[in-house]
Amino acid sequence: MALSQAEVLSGLAELVNEETGISTGDVQLDKSFSDDLDIDSISMMTIVVNAEDKFGVKIPDEEVKNLITVGDAVNFIVSANA
Amino acid sequence: MTKKIVVTGVGATTPLGGDVPSTWQALLAGESGISTLEKEWIAKYEIPVTFAGQAKVPASEVLTPQEAKRLDPSSQFALIAAREAWADAGSPEVDPIRLAVEYATGIGGVWTLLDAYDTLREKGPRRVLPMTVPMLMPNGPAAAIGMEIAARAGVRTAVSACASGTEAIANSIALLQSGEVDVVVAGGCEAAIHPMPIAAFASMHALSRRNDNPKAASRPYDVNRDGFVMGEGAGALVLETEEHALARGAKIYAELAGGAVTSDAHHITAPDPEGTAAARAVLKALKQANATIDDVAHINAHATSTPVGDIAEYHALLRVFGDKLGSIPISATKAATGHLLGGAGAIEAIFTLLALHHRKAPPTINLDNQDPEIPLDVVTKPRELPAGQLVAVSNSFGFGGHNAVIVFKSYEA
């Protein structure tokens with residue numbers, strides 16, 4: 001069953017919070033992982049792997065560099081999950 | 001020009017307590033930090049030793065989940081101890097390029113290493129956490145402390161098994177004497193209460209097997225001692241030049257007056273029964289402290305409670321102190337804490353300098369029948385130390401034939 005954008009955003013915000021302590025409310029679609037949320041590449045890889053488990057999708061390593069904003073990641077997961 | 005080096009802050013997390021005051025109180029009260037391990041892996045792997053000295057306050061109760069997630073348990077303990085020491089020293093403002101870290105571990109991030117290997121085998125390479133390498137490296141604890149206090153004069157890690165913590169403190173002396181730094185945070189940590197290291201130490205018959213009475217298992221100098229008890233935790237000291245400490249009005253616990261490192265080149269694990277190199281380390285450290293054997297008022301012995309180790313140290317001390325040895329109050333605090341491996345020297349340095357500061361030698365518990373071959377004056381109840389300037393020695397020895405010794409003097413303003 002396909003996930004909605006809101007469901008993925010909420011789930012992703014929980015993973016970001018778990019890894020970094022950033023409040024889930026700060027994880028918004030227009031926020032950049034590195035520039036706005038100050039998430040480094042190591043935390044990013046952990047979030048990606050956890051997101052694969054949580055949403056049942058595969059996020060290839062070469063795709064990760066294209067996930068600049070939270071919205072990029074949410075959209076990727078929504079379409080990969082569809 | 002030789003500088004005086006002083007201790008201005010101490011921090012620890014140990015099987016006796018989550019900080020220095022609670023650890024010291026429990027030590028003086030004769031408590032044991034050793035208990036049965038309530039872990040599923042004990043039965044699962046049929047681990048032959050079922051007890052250890054676990055940290056009294058789990059690191060997870062002190063650090064945030066995000067801090068803990070990025071640090072191996074050894075680094076978690078190190079950071080907790082260093083924060084306490086730094087705050088105790090008054091959180092000094094130090095030029096970062098004149099601030100260094102000398103912080104040791106015996107094994108390093110063994111939990112991280114083995115967890116990652118389990119993950120690799122069970123879930124594949126992609127599930128191996130990207131933080132694995134920085135968490136398992138033995139310089140991880142030193143680096144974590146260095147980032148915490150912004151130390152930019154160098155962050156170094158002595159690795160010499162159970163001598164590591166003392167070696168790190170001894171190494172700090174040359175660094176401070178060089179004039180290139182004003183302050184060093186020094187010490188050591190260990191977090192190896194994991195089934196593999198316990199199995200490995202048990203396999204070499206280094207560990208006590210007193211599973212039915214864990215609190216009585218660590219019994220240095222007792223005729224019925226049967227091995228050491230694993231402990232975990234960390235200790236940290238803020239060391240600085242007296243000039244720097246006085247200029248900022250810091251409280252001073254004691255003077256770190258001497259330190260020395262020698263090596264046996266005898267056997268990879270067994271101590272040299274003659275104790276020649278260990279004795280030379282004591283003499284070198286005393287010489288650097290400008291002290292004689294007559295000045296020594298207290299010794300915190302390495303004394304791990306192994307049958308051969310305790311007697312080898314006695315022979316080394318006899319070589320140094322001769323007839324004087326019998327009149328020096330000696331404490332073997334591993335009886336209460338267990339053996340913190342790379343952290344042992346750090347917490348024992350704190351016990352030694354607090355003994356001078358409070359003029360009270362801490363007790364050695366579990367000494368029911370002293371080994372007649374080790375006729376030392378072992379402190380079994382807290383004992384007052386005399387007035388006047390006092391000198392105390394703390395020894396640590398490690399697999400590999402490492403001998404590290406530091407000497408403290410009581411400090412009179």
Side-chain angles (χ1 to χ4, degrees), chain A residues 3 8-28 31-70 72-74 76-77 79-81, chain B residues 58-80 82-83 108-150 152 155:
Chain A
L3 291 161
V8 173
L9 175 62
S10 152
L12 190 62
E14 282 170 22
L15 294 178
V16 169
N17 170 262
E18 199 179 293
E19 174 64 18
T20 64
I22 294 167
S23 155
T24 52
D26 291 340
V27 183
Q28 296 165 0
K31 293 285 170 64
S32 155
F33 286 109
S34 66
D35 295 344
D36 297 322
L37 301 178
D38 202 24
I39 293 173
D40 64 20
S41 62
I42 286 179
S43 285
M44 189 65 191
M45 283 313 300
T46 305
I47 292 165
V48 163
V49 169
N50 289 338
E52 289 185 343
D53 286 347
K54 184 163 190 146
F55 301 114
V57 297
K58 182 90 187 119
I59 308 175
D61 284 349
E62 58 273 19
E63 190 60 43
V64 175
K65 65 177 185 300
N66 299 325
L67 306 180
I68 308 296
T69 65
V70 173
D72 295 338
V74 169
F76 182 89
I77 293 165
S79 52
N81 180 262
Chain B
S60 59
E61 290 182 14
V62 185
L63 301 176
T64 67
Q66 283 71 38
E67 284 175 325
K69 196 185 283 284
R70 286 190 155 214
L71 296 170
D72 180 81
S74 58
S75 292
Q76 295 175 20
F77 292 139
L79 191 58
I80 290 166
R83 281 180 177 164
V110 67
W111 270 101
T112 297
L113 178 67
L114 296 173
D115 279 353
Y117 190 46
D118 287 344
T119 300
L120 171 67
R121 288 187 298 181
E122 290 162 16
K123 298 179 182 168
R126 195 165 160 76
R127 292 296 182 275
V128 174
L129 287 172
M131 275 301 287
T132 301
V133 171
M135 285 171 70
L136 70 82
M137 61 194 194
N139 54 314
I145 295 169
M147 285 196 290
E148 172 82 7
I149 61 172
R152 303 210 164 93
V155 163

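All values below come from the heavy atoms of this structure, side chains included, with hydrogens, waters and symmetry mates left out. Quick note on labels: first sequence line is chain A, next is B, and so on, each numbered from 1.
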Query - Those residues of residues 38-47 of chain A, ordered by number, that approach chain B below 4.5 Å (heavy atom to heavy atom) - result: A:Asp40, A:Ile42, A:Ser43, A:Met45, A:Thr46
Query - Part of A:Asn50 within contact of chain B (heavy atom distance under 4.5 Å) - result: neither
Query raised in the report: For chain A, which residues from residues 62-72 of chain B lie under 4.5 Å away (heavy-atom distances)?
Result: B:Gln66, B:Lys69, B:Arg70
Query - Interatomic spacing from CD in A:Glu52 to CZ in B:Arg127 - rounded to 0.5 Å - result: 5.5 Å
